[in-house]
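A short write-up of the structure that comes next.
The figures that follow rest on heavy atoms only: side chains count, while hydrogens, waters and symmetry mates do not. Start at 1 and go down the list; that is how both ligands and their atoms are numbered.
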Amino acid sequence: MPIKTLDTVVVNTGSQNDQHSASVPPVYLSTTFKVDLNNEAAQNFDYSRSGNPTRSVLQNQIGKLYRVPQENVLAVSSGMTALDIILRGLVLLNGTDNHTPTIIAGDDLYGGTQRLLNFFKHQTHAVTAHVDTSDFEKFKTVFQSVDKVDCVLLESPTNPLCKVVDIPKILRFVKRISPETIVIVDNTMMSGLNCNPLQLNPSCDVVYESATKYLNGHHDLMGGVIISKTPEIASKLYFVVNSTGAGLSPMDSWLLVRGLKTLGVRLHQQQRNAMILAHWLENSCGFKPTETNKATKTRFVGLRSNPDFKLHQSFNSGPGAVLSFETGSSEHSKRLVSSKKLNIWAVTVSFGCVNSLLSMPCKMSHASIDPELRKERDFPEDLVRLCCGIENIVDLKKDLLAAMVDADIIEIREDGKYLFNKLNKNLAINTTIDDLHKPLSIYEEFYNEDVTRNDPELNIKNSRL
Ligand SMILES: Cc1ncc(COP(=O)(O)O)c(C=O)c1O
Ligand SMILES: N[C@@H](CCSC[C@H](N)C(=O)O)C(=O)O
């Protein structure tokens, strides 16, 4: 059978051996399943905490996305649950009288991840050394300064600063000098469609994603998926899932199977919007550093001006749809995010959804990181994060522009011919508001490359297009 592209495999749920030949897999809400003591070997399910047919369909779909057998996949109740299960199953119990479990993680982590790692430090004494994982030399130094590193937790691009971590290089280094160190990748910012760290060489040990984001895409369920490199790792993690009841509910599993079917088209449109918007913010709205004013900046891995553009492209097939920018003034950023002119952009946390979201991380998604620690890590308090949805890009730009004008950041001059950034006064930007599709070419440059690069099983150029 010919191997299909990822866009296709998530659409097709295959034959479910359904008694009515239903074309959509049914949802099995039953918590219990009849037991035949004379034929226990044939029994796949007994109790939904241990396993459920609808959850199995979902795990099979995720297995296809990551090109691993269904047995290597676990669907759980949230992205944070996924990390909790992985650390409990593989790392936290490694402590002895002479050894404290040690984790190395990034310093630009999602606030909830930072909170969970802090919790483990206080409750189990497992320590986490935080380092800028986008700086390989710094990572190497910290790694070599620890006697035994139990686990490395990576995320690229980082949320919300969009820093690129060279995951392949870190894997080569770690697996060469310490093969037993467990390398975990939080792949939420990319999703399995853009990046598969299990197919890198050497590969990581476990990937997880908050399915609440791109995989589902509709903000109507919380979920997490854990994809293990080997059945042995998966079975250790399954033990924790079954013991604690962290498995995803049947209804949410069913919704997620449905959401997954449109992952390809959603992500395609979301990334296209993000590319155009990032380019527009940087070049037409003046959110870029100048000789005299370094305080404004657009952060996005799909921008050619990003020094890590090529690095990101080397192991991902798309830039994702999360970008951020600094206005240079916390007060003005707050005014923007509070503007009543925002009709399309919803001011909420989260990302990966079909509708576009705008937020101020230091007050929202990353508020759980101590302000002192944010300061220590140079986390910009004026940062505004944009998570693009699938709406028409023209509407998205107009809505954002109205709010930027309302917040006294941008001035429209000469009947809309020029946008002038009032905070970054050195820039008088020569653009027309209607000049909307200009940067499409950079989007196409990204995608006209071999989009199957993360999928060595495929050898079809431009399979996504
Ligand atoms: C990068 C990243 N990882 C993990 C999570 C946690 O996922 P969840 O909210 O589904 O628990 C989030 C956001 O919540 C996130 O942004
Ligand atoms: N109040 C929540 C904040 C969730 S942030 C969700 C998402 N990861 C994002 O980056 O927007 C909490 O305390 O966790």
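Between atom 10 (O) of ligand 2 and the options Arg385, Met189, His366, Arg115, the minimum heavy-atom separation is to Arg385. The closest heavy-atom contact to atom 14 (O) of ligand 1, among the options Lys213, Met80, His366, Glu155, comes from Lys213. In the candidate list Thr158, Asn159, Val76, Thr188, Asn159 is nearest to atom 16 (O) of ligand 1, counting heavy atoms.
Ion pairing between Lys175 and Asp205 holds under the 4.0 Å rule for side-chain N and carboxylate O. Under 4.0 Å is where a charged nitrogen must lie from a carboxylate oxygen, and between Asp150 and Lys148 at least one such pair does. Salt-bridge check for Asp132 with Lys163: passed, with a basic side-chain N closer than 4.0 Å to an acidic carboxylate O. A salt bridge links Arg88 with Asp84: the closest approach of a Lys/Arg side-chain nitrogen to an acidic carboxylate oxygen falls below 4.0 angstrom. A salt bridge links Glu326 with Arg299: the closest approach of a Lys/Arg side-chain nitrogen to an acidic carboxylate oxygen falls below 4.0 angstrom.
Atom numbering of ligand 1 starts at 1 in the shown order; those under 4.0 Å from a heavy atom of Phe351 are 16 (O). Within ligand 2, counting atoms from 1 as listed, the ones closer than 4.0 Å to a heavy atom of Val349 are 5 (S), 11 (O). The ligand atoms of ligand 2 that sit less than 4.0 angstrom from a heavy atom of Asn159 are 10 (O). Residue Gly223 has at least one heavy-atom neighbour below 4.0 Å for each of these atoms of ligand 1: 10 (O). With ligand atoms numbered from 1 in the order given, ligand 2 contributes 6 (C), 7 (C), 9 (C), 11 (O) to contacts under 4.0 Å with heavy atoms of Ser350.
Closer than 4.0 Å to atom 1 (N) of ligand 2 lies none of the heavy atoms of the protein.
Of the possible polar contacts, one joining the Ser48 side chain to the Ser30 backbone as a donor-acceptor pair under 3.5 Å is found.
Protein heavy atom closest to atom 3 (N) of ligand 1, with residue, atom name and distance, is Asp186 OD2, 2.6 Å. When only non-hydrogen protein atoms are considered, atom 4 (C) of ligand 2 lies nearest to Tyr110 OH, 3.4 Å.
Residue contacts with ligand 1: Glu209 is excluded, as none of its non-hydrogen atoms falls under 4.0 Å. Judged by the shortest distance from any of its heavy atoms, Ala82 lies outside the 4.0 Å radius around the atoms of ligand 1.
At a cut-off of 3.5 Å, with distance as the only test, a side-chain donor of Asn424 or Thr296 sits close to an acceptor on the other residue.
Remark: aromatic rings of Phe173 and Phe136 are close, center separation under 6.0 Å.
Of the candidates Leu92, Val127, Ile103, Phe120 forms a side-chain contact (heavy atoms from CB on, under 4.5 Å) with just one, namely Leu92.
Note: no N/O pair closer than 3.5 Å links Met222 and ligand 1 by distance alone.
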